[in-house]
Every structure is written in structure tokens, then in C-alpha cells.
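Below: one structure, written as C-alpha cells.
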Amino acid sequence: DASTRQPIGGALISARQELALRSAHRELSAADDAWTAVADSLGRYRLEGVGGALEVRATAEGFADAEEAVKADSTTQDLALEPAGFIEGEVRPLTGAATVKDMRDDGRTVFVNANGTFRMMAAPGPHLLVGEDASGANGMVRVNVAAKETVRGVQLTLGRPGKIHGTAALGGVPATC
């Protein structure tokens, strides 16, 4: 725990080869090397058989994920998880099913309840939330979250995409081609 320096037992630790080291001609697939471990009650973990440059991630309930780029020849890599906060809000007007996506935190997405409300876990810091409903109406709102804080009353207003049209002009006279 980054705030108390106490170990987080049960944290899931995962490692994958860094994407930059893979071929530019293919994406990550299930066949790529990945390693996982669960931290013991003292927060200790061990990943064996790893190689190359890795992205190591720790996840635990109630905490924002922590991720570090490391070389597999490192002997120790501590990961400090920050206590998460929450964002609670309402999406209006609501036309059918809707989602709210946090453009931070790997695009975490939650579904909006039938009454238009949502709740999502969020890492401390700034967030850009993007909402969209089944009709294609969308909207966004910026929210700041502190560790262990619940930001309530966030209003995400959806609107239909608009259009802009006009004429390009040179010196006040419409251009011709």
C-alpha cells in the first residue's frame, strides 16, 4: 500500500513482454509469454522463468493498478499500489443502454444502470469520462479523484453529434477549383 507502506496480501501480479519488443507486424496474442503470481500475506511474490524486458502489473481490490517496466534480470521489483477512489454520477438524457468509459486506467468501462446512474473505481488523479448510449448520443466530463475519495454527483450530459459545414474562402471570395 503506497500510503501506509503495508503489504497487500492476495494482490495479483502479472508480467508480459513489452509490446515494443514484439514484431511491428503482429499484436499480442494468447500464445505470447505471460506470467502470473499471487502475493502472500506479506505482499511477497515470485515470477520464475521470465526473460527480456517486461511490463509488471499489480492489481488488488480497492487499489489502483500499479505497473512498472522492468528487465527480467532484476532481482527485486516492488510495486506500490495507491488506494483507489470512486466516481459516482448520472448520465442524462438516457436512451436505452449506456456506458461510461474512463479514458485513463486502460479504458475501464462500466454500464449505466436503468435509472441512469453509474459507479466506477478510479486511480487518484485526473480522469476524462466519456459516455455513450445506444442511440449514439455521447458526452464527456473531466473529474479529479483523490486517494480513498468518492466523487459524487458527476453529471454526464449526452448529446447527438453535430455537423459543421461552410465554404472555404480566399480573401472573402469562395475558392474554386
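- Cluster membership for V143 and M120, using ILVMFWY side-chain heavy atoms within less than 4.5 angstrom, is shared.
- For the pair R92 and T157, the minimum side-chain heavy-atom distance is 4.5 Å or more.
- Between atom CE of residue M103 and atom OG1 of residue T109 there is a gap of 8.5 Å, rounded to the nearest 0.5 Å.
- Counting only distance, with no hydrogens or angles, the side chain of D40 and the backbone of G43 share a donor-acceptor pair below 3.5 Å.
- Between I87 and the choices L129, L156, T150, the side-chain contact (heavy atoms from CB on, under 4.5 Å) rule is met once, by L129.
- Distance CG/D133 to OG1/T99: 9.0 Å, rounded to 0.5 Å.
- Cluster annotation: I13 is connected to V50 through the hydrophobic network of ILVMFWY side chains, with a link wherever side-chain heavy atoms come within less than 4.5 Å.
- Across all their heavy atoms, R160 and G136 have their closest contact at NH1-C, 3.6 Å.
- Tracing side-chain contacts under 4.5 Å through hydrophobic residues (I, L, V, M, F, W, Y), one reaches V112 starting from V151; they form part of the same cluster.
- The nearest pair of heavy atoms linking L47 to A37 is CD2-CB, 3.6 Å.
- Rounded to the nearest 0.5 angstrom, K148 NZ and F63 CZ are separated by 7.5 Å.
- By the rule that hydrophobic residues join a cluster once side-chain heavy atoms approach within less than 4.5 Å of another member, L79 and V70 end up as members of one cluster.
- A salt bridge is absent between R57 and E55; no separation between the charged side-chain nitrogens and carboxylate oxygens falls under 4.0 Å.
- Residues A60 and I8 come closest through the heavy atom pair CB-CG2, 3.8 Å.
- The structure places CG of N113 at 11.0 Å from CD of E90, a figure rounded to the nearest 0.5 Å.
- Here the straight-line distance linking atom CG of N138 with atom NZ of K101 works out to 12.5 Å at 0.5 Å rounding.
- With respect to the salt-bridge test (charged N to carboxylate O, under 4.0 angstrom), the residues D102 and R108 do not qualify.
- Residues L12 and T36 approach most closely at CD1-CB, 4.4 Å, considering heavy atoms.
- Between W35 and R46 there is no side-chain heavy-atom pair separated by less than 4.5 Å.
- Scanning all heavy atoms of the two residues, the minimum distance from R119 to V110 falls at O-CG1, 3.9 Å.
- When the shell of 6.0 Å around CD of E61 is examined, it contains 12 or fewer heavy atoms from other residues, nucleotides or ligands.
- Taking CG of L94 as the start and CG of L158 as the end, the distance is 7.5 Å to the nearest 0.5 Å.
- Residue F118 is not grouped with residue M140 when hydrophobic side chains (ILVMFWY) are merged at heavy-atom distances under 4.5 angstrom, including chains of intermediate members.
- Contact detail for R104 and P126: the closest heavy-atom pair is NH1-O, 3.2 Å.
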